Amino acid sequence: MAIEIEQPRVGLSKIAVSKTHGEDSPYFAGWKAYDENPYDEFRNPSGVIQMGLAENQVSFDILEEYLEQHAEEASWGKKASGFRENALFQDYHGLQSFRKAMASFMEQIREGRAKFNPDRVVLTAGATAANELLTFILADPGDALLVPTPYYPGFDRDLRWRTGVNIVPIHCDSSNNFQVTPQALEAAYKNAESLNIKVRGVLITNPSNPLGATIHRSTLEQILDFVTIKNIHLVSDEIYSGSVFSPTEFTSVAEILESRSYKDCERVHIVYSLSKDLGLPGFRVGTIYSYNDRVVTTARRMSSFTLISSQTQQLLGSMLSDEKFTGNYITKNRERLRNRYEKMVGGLRNAGVECLEGNAGLFCWVNLSPLLENQTRESELAVWEAILHRVKLNISPGSSCHCSEPGWFRVCFANMSEKTLEVALKRIQSFMEERKITSG
Amino acid sequence: MGFISSNRNNEQLLSKIATNDGHGENSSYFEGWKAYDSDPYHSTQNPNGVIQMGLAENELCFDLIQEWVQNNPKASICTAEGANEFKEIAISQDYHGLPEFRQGVAKFMGKVRGDRVTFDPDRIVMSGGATGAHETLAFCLADPGDAFLVPTPYIIQDQVSRFDRDLRWRTGTQIVPVVCESSNNFKLTKEALEAAFQKATEAKIRVKGLLITNPSNPLGTVLDRDTLKTLVRFTNDKNIHLVCDEIYAATVFNQPGFISIAEIIEEELYCNRDLIHIVYSLSKDLGFPGFRVGIVYSYNDQVTSCARKMSSFGLVSTQTQHLIGSLLSDDIFTEKFIAESADRLAKRHEIFIKGLAQVGIGSLKSNAGLFFWMDLRRLLKEPTIEAETALWRLIIHEVKLNVSPGSSFHCSDPGWFRVCFANMDMTTRMSPHSPISSPLVRARN
């Protein structure tokens with residue numbers, strides 16, 4: 001017989017009880033609706049189509065083909081002691097062959113316009129860990145990072161939750177296609193100052209999530225000048241760099257540093273990952289590339305909490321060292337993403353929906369502000385719910401990306417088959433036609 | 001390609017966490033590693049080199065695992081048989097983890113405890129190794145400035161897992177030692193616990209939990225039932241958490257057997273389960289430190305949920321989850337492995353202990369772990385840390401053994417050394433203990 005004993009409630013940390021993990025936002029609520037009623041072409045054709053997940057599923061066949069032909073090197077290699085050596089390898093420097101392969105892959109994506117030194121590559125379990133780790137290193141609790149809006153909703157957790165660091169937004173709007181301006185940078189900095197918050201750096205995502213567009217070279221120069229004058233850091237999250245439709249349209253901050261002969265470079269840090277460009281989010285492969293020796297050393301030590309499985313380093317090290325393979329992959333991947341994008345934009349246009357002109361990434365930044373009753377966040381969320389529950393599409397509302405202008409939505413197009421995309425576009429077309437009839 | 005780093009700027013530009021020594025790597029004990037790295041023993045190429053006995057790794061049973069991997073190509077997504085699952089596994093980033101992974105780990109944990117308890121796969125939460133698990137729990141249970149009581153000696157100077165770094169560096173939590181002494185074989189007593197708690201309270205430090213490692217690193221011993229019950233009662237009374245690091249659970253090779261906290265809480269029914277958390281890993285029991293498989297197993301729903309969200313910062317690669325899930329769901333294999341591993345550890349342990357006994361060197365009676373706790377107190381010129389360090393340097397540079405001095409584990413009594421014996425396979429062993437015993441005999445005389 002159980003005796004009910006009144007247990008004193010045991011305390012957990014402030015971090016544990018806070019909501020800064022951000023999982024209560026609509027960004028995640030849509031996923032729940034999808035999980036409960038997921039679309040399937042045959043078994044559930046009226047289910048919710050997931051368009052809120054920025055995944056790249058368009059180029060798996062190329063990876064699978066590689067594995068078929070290189071099974072041995074990709075696993076334990078030919079040596080009898082291969083498995084054992086790999087299973088024991090826990091050096092936080094990471095497998096040298098893998099770091100070399102990552103550095104050369106990053107160079108290939110930038111068509112050799114920047115060089116990367118394998119000894120500056122620090123490995124982490126995903127870009128999620130890389131961004132948090134850099135924040136721990138560059139800022140103290142209570143300090144701030146300036147981040148252009150709209151931004152990836154996960155940053156609220158990654159940059160703030162356990163670090164105690166704040167995000168102060170750099171407001172961008174549609175008047176200039178959401179590009180960062182020197183005025184916006186200055187305004188954000190002053191805003192932090194007025195709140196007595198010390199700014200430690202600027203964090204940009206290039207190409208941008210959720211905009212699906214690269215940052216102009218001139219804008220990058222301005223941002224670099226700004227951080228230099230203020231003597232703060234610049235973190236450039238370039239995880240979508242391999243998903244730019246045309247390679248010449250992407251300028252990495254690495255190229256600008258090279259053109260400036262690496263003057264003042266120790267304030268710059270690049271985050272990369274294989275989750276988007278290679279479509280391997282499950283493998284947890286992230287890197288920090290820093291031009292600051294102290295940051296490299298510290299980040300490497302800190303990576304002890306978040307190392308990449310040696311088994312995975314072995315697999316990807318062998319794959320990414322094959323330059324013929326990677327060259328072919330990068331080219332085909334860009335092409336397929338561009339085709340998807342054009343299909344998406346074309347379909348939306350037929351439905352009378354406009355989007356921001358994009359040139360990268362796995363999503364479009366779509367303007368549904370004409371559908372809003374009022375230009376407010378509440379109206380935007382009302383439209384979002386209607387699309388989720390009636391049209392059965394999970395898309396991401398701009399407010400969850402901290403966009404200051406209501407009515408914009410991020411719509412992903414690379415995490416499904418072409419057929420499914422067509423179904424989604426048809427649903428959007430019907431929805432827009434209905435609205436024309438009812439409002440006309 | 002070097003860059004001119006402005007050091008003055010660095011000090012202002014980086015966070016306090018980045019510029020302090022919380023990572024623990026500046027300690028002088030890295031001398032041992034350097035000595036080994038620059039002159040590593042090899043049976044034929046470098047027979048006079050330094051033998052690595054400071055690394056608690058388990059290399060005794062790789063043949064069994066290799067055989068399994070070869071016979072089960074589907075477990076590896078790089079093989080023809082496994083490749084059709086590649087895409088599904090590669091895109092899965094759900095922080096709940098692959099179901100077969102969680103089920104496999106839960107089953108293995110039960111088997112290691114003789115199936116005397118079962119573990120719920122839904123409570124299995126991933127982390128970046130045990131290193132990540134400890135940090136995650138510290139983030140969940142304590143605020144900066146709070147403390148955990150940790151019995152000495154405890155692991156602070158190992159290549160991977162170091163409580164000083166794992167618990168303190170980024171979380172800001174402190175460690176308050178609970179002193180255990182050689183006079184009673186380092187038994188953990190209620191008096192020592194109370195004394196430590198009192199000390200913390202007087203210093204106005206808020207104690208949030210007690211952290212124990214069972215089986216113990218560096219002692220190689222297991223906690224008996226009475227001690228475990230004492231710990232549960234103590235933490236329950238003080239309403240503080242009890243974190244049990246059981247990463248060496250499957251390395252118990254002799255009587256007395258292993259008793260897990262999971263078994264105790266089934267017996268101590270009054271106990272508040274919200275206070276109980278287990279840290280596990282596959283790095284020691286299976287010998288897979290490279291795969292970074294850490295587990296947080298909490299009986300507290302809120303902690304489980306929070307730790308799971310935090311696991312986003314240290315998930316296990318799904319490629320590895322898939323392999324481990326397959327491996328650990330093979331009951332025939334796991335049962336054979338657990339038995340064979342214990343057997344080989346027992347034999348290896350006996351060779352060392354007997355060999356040392358022959359030259360008059362004793363060690364703490366132990367039945368677990370990948371190491372033993374060697375007693376060289378008689379060889380010290382005086383019972384001080386300095387004398388211990390001097391003896392340790394002698395052992396590294398003249399005896400050519402990299403062992404770990406007790407002071408690096410915060411041991412209160414100088415003269416003890418941790419000696420690892422499972423980190424080289426049988427074939428690289430030279431004739432039993434000759435490099436160890438003779439120079440030690442010289443040092444003694």
Side-chain angles (χ1 to χ4, degrees), chain A residues 5 7-8 10 12-16 21 23 55 57 60 63-64 67-68 71 74-75 83-84 86-90 115 117 125-126 128-129 132 136-140 162 233 262 265-267 279-284 291-295 298 301-302 304-312 315, chain B residues 1 3 5-6 10 13-18 23 25 57 59 62 65-66 69 76 78-80 83 86-87 89-93 128-129 131-132 135 139-143 160 170 239 241 270 272 274-275 287-292 302-303 306 309-310 312-320 323:
Chain A
I5 298 176
Q7 299 286 7
V10 59
L12 300 186
S13 66
K14 295 191 179 73
I15 284 176
H21 50 73
E23 285 192 18
E55 260 175 19
Q57 294 187 24
F60 262 110
L63 298 176
E64 281 160 358
L67 285 181
E68 259 167 69
S75 50
F83 177 88
R84 193 191 75 175
N86 186 253
L88 287 174
F89 185 84
Q90 57 180 332
K115 290 254 164 294
N117 175 356
T128 299
E132 189 200 40
F136 269 119
I137 291 177
L138 305 179
D140 291 311
R162 305 191 306 179
H233 294 276
Y262 296 101
C265 64
E266 74 266 13
R267 63 183 74 257
L280 306 173
F283 290 179
R284 314 315 301 146
Y291 294 89
N292 183 315
D293 293 346
R294 186 75 180 265
V295 172
T298 308
R301 287 183 179 136
M302 231 182 241
S304 301
F305 299 110
T306 180
L307 296 173
I308 301 178
S309 168
S310 52
Q311 181 192 18
T312 300
L315 164 62
Chain B
M1 182 172 55
F3 301 117
S5 238
S6 165
N10 254 335
L13 271 193
L14 303 188
S15 69
K16 295 187 181 68
I17 283 177
H23 50 75
E25 281 186 27
E57 265 173 16
E59 293 189 36
F62 272 114
I65 297 178
Q66 223 149 285
V69 167
S76 168
C78 304
T79 59
F86 177 77
K87 180 173 159 178
I89 288 169
I91 61 178
S92 170
Q93 57 181 326
T131 300
E135 194 196 44
F139 269 124
C140 290
L141 306 179
D143 291 318
V160 183
R170 307 191 298 184
N239 196 31
H241 294 277
Y270 66 88
N272 180 4
D274 277 349
L275 297 173
F288 294 160
F291 294 172
R292 314 313 303 148
Q302 213 183 341
V303 172
C306 182
K309 292 184 171 84
M310 288 188 182
S312 299
F313 298 111
L315 294 171
V316 176
S317 166
T318 45
Q319 177 194 16
T320 300
L323 172 68

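Letters A, B, ... mirror the listed sequences (proteins, then strands); counts begin at 1. Computed from a predicted model, the values in this text were never measured in an experiment.
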#### Entry: Donor + acceptor pair across side chains of Thr312(A), Ser317(B) (<3.5 Å)
yes
### Summary
Contacts of Phe291(B) meeting ring-ring contact (aromatic ring centres under 6.0 Å, His included) (sequence neighbours excluded), chain-then-number -> Phe288(B)
#### Entry: Contact winner vs chain A - Lys309(B), Met310(B), Gln93(B), heavy-atom pairs under 4.5 Å
Lys309(B)
### Query
When only pairs under 4.5 Å are counted, which of Ala142(B), Gly132(B), Cys140(B) shares the most heavy-atom pairs with chain A?
Cys140(B)
### Query
How many angstroms lie between CD in Gln302(B) and CG in Leu141(B), if you round to the nearest 0.5 Å?
10.5 Å
### Message
Could you check whether any side-chain heavy atom of Glu266(A) comes within less than 4.5 Å of a side-chain heavy atom of Arg294(A), counting everything from C-beta outward?
### Response
no
### Task
Check whether Ser92(B) gets within reach of chain A through its side chain, its backbone, both or neither, counting any heavy atom under 4.5 Å.
backbone
#### Entry: Pairs of heavy atoms under 4.5 Å with chain A: top-ranked of Gly128(B), Ala83(B), Gly129(B), Ser76(B)
Gly128(B)
### Query
Under a 4.5 Å heavy-atom cut-off, does chain B meet the side chain of Phe89(A), its backbone, both or neither?
backbone
### Query
chain B: which of Ser310(A), Ala125(A), Gly126(A), Ala87(A) shares the most heavy-atom pairs with it under 4.5 Å?
Ala87(A)
### Query
Hey, what do you get for CZ (Arg284(A)) to CG (Leu307(A)), rounding to the nearest 0.5 Å?
13.5 Å
### Summary
Cut-off 4.5 Å, heavy atoms of chain B, and the answer for Glu68(A) is neither
### Task
State whether Glu135(B) and Arg170(B) are salt-bridged, where the test is any N-O pair (Lys NZ or Arg NE/NH1/NH2 against Asp/Glu carboxylate O) under 4.0 Å.
yes
### Task
Under 4.5 Å, counting heavy-atom pairs only, tell me which of Ile15(A), Leu88(A), Thr128(A) racks up the most with chain B.
Leu88(A)
### Task
Counting only heavy atoms closer than 4.5 Å, note whether Leu67(A) contacts chain B via side chain, backbone, both or neither.
both
### Message
Between Glu132(A), His21(A), Gln57(A), who has the most heavy-atom pairs with chain B when the cutoff is under 4.5 Å?
### Response
Glu132(A)
### side-chain hydrogen bond (donor to acceptor under 3.5 Å, both in side chains) partners for Asn86(A), two or more places apart
none
